[in-house]
S.K.: 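Following this message is one structure expressed as structure tokens.
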Amino acid sequence: MSEKELRRSRSVFPIGTVMKLTDLTARQIRYYEEQDLIHPLRNEGNRRMYSLNDIDVLLEIKDYLSDGINMAGIKRIYELQENKEKAREQEVNKVMTDDDVRKILQDEFLAVSGLSAKTANSFLNQNRIG
DNA sequence: CTTCTGACA
DNA sequence: TGTCAGTA
């Protein structure tokens with residue numbers, strides 16, 4: 001992991017700061033954590049401490065929400081990203097071609113996003129494997 | 001004063 | 001999701 005990635009992973013912001021930076025309520029921020037979309041650490045006093053990465057995700061969630069995607073859909077999107085990373089990590093022992101993976105991801109995404117094929121393709125292209 | 005968990009008039 | 005309670 002690079003130094004830059006480590007910095008963005010440092011949990012240093014209390015929820016109050018995150019609220020101001022994202023315009024989300026504490027209730028919403030904690031709810032998204034329950035949905036495993038963000039993983040803030042706890043300090044000595046059991047207070048949640050958020051990283052720059054957590055804040056980025058929160059901002060992305062806001063965008064997806066404003067695009068009309070529900071929580072289930074958003075969770076699916078992040079699950080797809082995890083699968084994409086795993087696929088990349090296991091590229092050595094891959095049994096499927098990138099196009100096979102791409103087709104599977106697209107079908108899953110279309111099934112839950114409620115977005116048009118055009119928009120879905122745009123999303124997939126931005127996160128293309130390979 | 002800020003944040004946390006649990007609960008719902 | 002808002003909000004109130006009782007803490008830490």
Side-chain angles (χ1 to χ4, degrees):
Chain A
M1 204 179 278
S2 71
E3 252 182 63
K4 181 179 179 182
E5 294 174 313
L6 287 175
R7 285 191 209 290
R8 299 191 66 71
S9 299
R10 246 51 180 269
S11 300
V12 294
F13 306 106
I15 198 167
T17 301
V18 179
M19 290 172 70
K20 294 173 182 173
L21 263 33
T22 64
D23 279 306
L24 290 171
T25 64
R27 181 83 163 78
Q28 290 177 299
I29 296 172
R30 295 182 187 122
Y31 176 67
Y32 301 148
E33 175 184 0
E34 279 186 60
Q35 302 305 303
D36 286 304
L37 266 28
I38 53 178
H39 314 87
L41 264 35
R42 299 303 185 93
N43 63 14
E44 314 70 40
N46 193 42
R47 265 72 222 277
R48 271 170 269 247
M49 299 303 275
Y50 303 81
S51 69
L52 249 24
N53 284 328
D54 290 325
I55 294 176
D56 284 339
V57 172
L58 253 16
L59 258 16
E60 289 173 20
I61 293 174
K62 284 192 63 179
D63 290 336
Y64 289 133
L65 250 27
S66 62
D67 280 340
I69 301 177
N70 57 41
M71 284 310 309
I74 293 176
K75 288 184 67 174
R76 294 302 300 275
I77 291 174
Y78 284 95
E79 285 172 17
L80 291 182
Q81 307 227 322
E82 283 180 33
N83 291 333
K84 183 192 68 177
E85 288 168 29
K86 289 177 183 175
R88 191 191 301 290
E89 290 170 14
Q90 300 170 8
E91 195 159 9
V92 188
N93 1 291
K94 81 179 162 189
V95 292
M96 296 186 287
T97 65
D98 287 338
D99 281 339
D100 289 333
V101 176
R102 178 182 170 69
K103 177 166 177 43
I104 292 173
L105 295 182
Q106 175 169 28
D107 290 339
E108 291 187 344
F109 184 58
L110 276 172
V112 301
S113 70
L115 295 176
S116 68
K118 181 176 183 300
T119 305
N121 267 308
S122 174
F123 173 83
L124 290 169
N125 281 326
Q126 289 176 44
N127 296 278
R128 178 134 204 189
I129 294 175

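So you know, we letter chains A, B, ... as the sequences are listed, proteins then strands, and number each from 1. The basis for the numbers below is simple: all heavy atoms, side chains too, and nothing from hydrogens, waters or symmetry mates.
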S.K.: Which residues pass the salt bridge (charged side-chain N to carboxylate O under 4.0 Å, His left out) test with A:Arg47, sequence neighbours left out?
M.R.: none
S.K.: For DNA chain B, find the residues of residues 9-23 of chain A with a heavy-atom distance under 4.0 Å and give them by number; none if there aren't any.
M.R.: A:Pro14, A:Ile15, A:Gly16
S.K.: May I have the distance from A:Arg27 (atom CZ) to B:dC8 (atom P), rounded to whole angstrom?
M.R.: 13 Å
S.K.: What residues form a side-chain hydrogen bond (donor to acceptor under 3.5 Å, both in side chains) with A:Glu5, not counting sequence neighbours?
M.R.: A:Ser2
S.K.: List the residues meeting salt bridge (charged side-chain N to carboxylate O under 4.0 Å, His left out) with A:Glu44, not counting sequence neighbours, and say none if there are none.
M.R.: none
S.K.: Can A:Asp54 and A:Ser51 be counted as having a side-chain donor-acceptor contact under 3.5 angstrom?
M.R.: yes
S.K.: Can you sort out the partners of A:Thr25 under side chain to side chain contact (heavy atoms under 4.5 Å, CB included), two or more places apart, ordered by chain and number?
M.R.: A:Arg27, A:Gln28
S.K.: When Ile, Leu, Val, Met, Phe, Trp and Tyr are grouped by side-chain heavy atoms lying under 4.5 Å apart, directly or through other members, which residues fall in the same group as A:Leu6?
M.R.: A:Met1
S.K.: Who pairs with A:Leu41 by side chain to side chain contact (heavy atoms under 4.5 Å, CB included), at least two apart in sequence or on another chain?
M.R.: A:Ser11
S.K.: Between which residue ranges does DNA chain B form stems of three or more consecutive Watson-Crick or G-U wobble pairs, both distances under 3.5 Å?
M.R.: B:4-8 with C:2-6
S.K.: Is A:Arg30 close enough to B:dC4 that one of its side-chain N or O atoms is under 4.0 Å from OP1 or OP2 there?
M.R.: yes
S.K.: So which of residues 32-62 of chain A are in contact with DNA chain C, with a heavy-atom cut-off of under 4.0 Å?
M.R.: A:Tyr32, A:Arg47
S.K.: Mind checking side-chain hydrogen bond (donor to acceptor under 3.5 Å, both in side chains) for A:Thr22 and listing every partner two or more places apart, or none if nothing turns up?
M.R.: none
S.K.: State which residues pass side chain to side chain contact (heavy atoms under 4.5 Å, CB included) with A:Arg10; sequence neighbours excluded, sorted by chain then number.
M.R.: A:Val12
S.K.: Sequence neighbours left out, what passes side chain to side chain contact (heavy atoms under 4.5 Å, CB included) with A:Glu79? Give chain and number order.
M.R.: A:Lys75, A:Arg76
